[in-house]
Peer 1: 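Structure incoming, see below.
Atom set for the values below is all heavy atoms of this structure, side chains included, hydrogens, waters and symmetry mates excluded. All of these numbers come straight from a predicted model, not from anything done at the bench. Per chain, numbering begins at 1; letters A, B, ... match sequence-line order.
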Amino acid sequence: MDKYECKICGYIYDPTKGDPDSGIAPGTAFENLPDDWVCPICGAGKEDFEKVK
Amino acid sequence: MNKTEIKPDIFWVGGIDWDIREFHGYLTQRGTTYNAYLIMDEKVVLVDTVKHYLFDEMLLRIKEIIDPSKIDFIVSNHVEMDHSGSLLKILEYAPNAKVKTSTQGEKGLLRHYKKNLNFQIVKSGDTLNIGKRTLHFVHTPMVHWPDNMVTYIPKDKLLLPNDAFGQHIASSERFDDEVGWDILKEEASKYYANIVLPYGDQVKKALDALSGLEIDMIAPSHGIIWRTFIPKILEEYTKWSNHETENRALIVYDSMWGSTEKMAHKLLEGLSEQNVQVALRNLKTNHISDIMTDVITSKMILIGSPTLNNGMLPSVGAFLTYLKGLRPQNRMGFAFGSYGWGGQAVGEIEKIMKELKWGLPKEGIKIKYIPDEDELLSVKEIGKILGKNLMEK
C-alpha cells in the first residue's frame, strides 16, 4: 500500500497507521478512505493528496 | 528616531497599530505591531511588510535608512494580509525587487493580489547570499498557514519566524527586557492559544528544526523581539505544543435566569475545597479569545449552558465552535446546566468534548428549572469529586 502526501501542508497518510482520530483503522489503503475524509492537519480533501514516490 | 537597529545593519521598519482591538475575532486589548525588517548588505532585503493602512509608516522608516528603490529582495514568509498587505505598494517603490516565497506562498499571494509579483520560489533549506550574510529559508507549514516559512541569518544568530513567538502588543519598546516577562508570557500564551494551538505537532517539528541553530535573537512579525527571555519562551512553546497543562480548572458558562450560574459557583466551591485553582468565566462578561488563555493551562474544563429552544445558548455554541477548531488535547471535561423541559444542552456539550477526545470523569448534570438547597449541595459534592479526579491525574 502506498503512502500519500498532502500537497497543502505536507502531512503524510501512512496506510499502516491509518488515521484513528478520524475513525480510519490501520491497514486502510488511501484509495479506500471515504470521499469525505480530510487531512487531519489542515483539512484539505483527498484530491489534494499525491502518491509518495 | 523612527528606525530601530536590532543587529548591525538590520533594522526594524514595522508599523504600530495602537488602536486595533478586534483581530478576526481575537480581542487585542494591547493593540499590536506588524514587524518588517530591513537587512542592509551588498543586497538589500526587506523581510515581510505591514497591514495596508500602515504602509506610510513602514515607508518612512525605510526612507530614513535607504532609498526604497534600492531594495533587491522582499521575503514573504507568510501570505496573510497583515504581513503581505503592503507588498503591492512597496513594489511600486522597488520595482526591481524579487519576491522570495514558498510554493504555497506564491499560490496564496496570487489569490490575494491577482498579479505576478516577480516571484522567486524557495524550497525549504534554500539559501540566499546577499554579501556578508546568507539567508536560510525553512518551511514551517501549518504554523499556522500552509505557506508559512521562517528566515534565519546565521551571521547574526537571528531568527525571523514570522507569526511564531508573536504577541499582540503595541509598544514603542522593541525588546523583551524592556517590557517584562509577565506581560510577554500572558500575551504570548494568548497568541499561541488563539492562533497556533491546533498545530502542536507542526510546532514540535519546527522546534526540532531550530534546535540545532545558534540563535540569540528571535524577531517575530507581531509585538516584541526576544533577546533576553529566549530560553523561557522556548520552554513555554515546548509545553504548549505537548499540550501540557497545570492542575487548574476552568469553568465557562452562560445563564438565562441564574440557575446555571448558581451551579457554576457551587462547582467552584467544591473544586476550591480540593485546593484546585479555578477560573470562573461568564460568557456574558468574558471574550472567548481571553478564555482561550485559561484553556491553555487548565487540565479540567467545565462548561455550562441552560437549554434554550432544545439546544445550547448561542453564546456557548459559539465558544464551543471556536474551542473545537483550536483542538486543545489531553483535557478532562464536565458539562452542566439547568433546563425546563428537553434539557439537550448538556448532551450537546458532552458530544463536542468527546469529539475532542477529552476524558469525562463524571456524567454531566442537569437540574430542572431552579436548583434547591439539596441539589446545590450535590453540585458542590460533584465539584469536590472532580477536584479529586484532577489532583490524582
Peer 1: Just how far is it from atom CD1 of A:Ile8 to atom OG1 of B:Thr103, taken to the nearest 0.5 Å?
Peer 2: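 These two atoms lie 11.0 Å from each other.
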
Peer 1: Does any backbone or side-chain atom of B:Glu355 lie under 4.5 Å from a heavy atom of chain A? Answer side chain, backbone, both or neither.
Peer 2: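 Neither part.
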
Peer 1: Report the distance from atom SG of A:Cys9 to atom CH2 of B:Trp145, rounding to the nearest 0.5 Å.
Peer 2: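 It is 15.0 Å, given to the nearest 0.5 Å.
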
Peer 1: Locate the shortest heavy-atom distance separating A:Lys7 from B:Gln104; write the atom from each residue and the value.
Peer 2: O-NE2, 2.7 Å

Peer 1: Can you list, pair by pair, the side-chain donor-acceptor contacts under 3.5 Å of residues 32-47 of chain A, counting residues two or more places apart and other chains?
Peer 2:
from: A:Trp37; atom 1: NE1; to: A:Asp19; atom 2: OD2; distance (Å): 2.9
from: A:Lys46; atom 1: NZ; to: A:Phe30; atom 2: O; distance (Å): 3.3
from: A:Lys46; atom 1: NZ; to: A:Leu33; atom 2: O; distance (Å): 2.8

Peer 1: Mark yes when over 12 heavy atoms from residues, nucleotides or ligands other than B:Lys114 sit less than 6.0 Å from its NZ; otherwise mark no.
Peer 2: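 Yes.
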
Peer 1: Any chance NZ of B:Lys324 has more than 12 other-residue heavy atoms, nucleotides or ligands included, within less than 6.0 Å?
Peer 2: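 Not more than 12 within 6.0 Å, no.
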
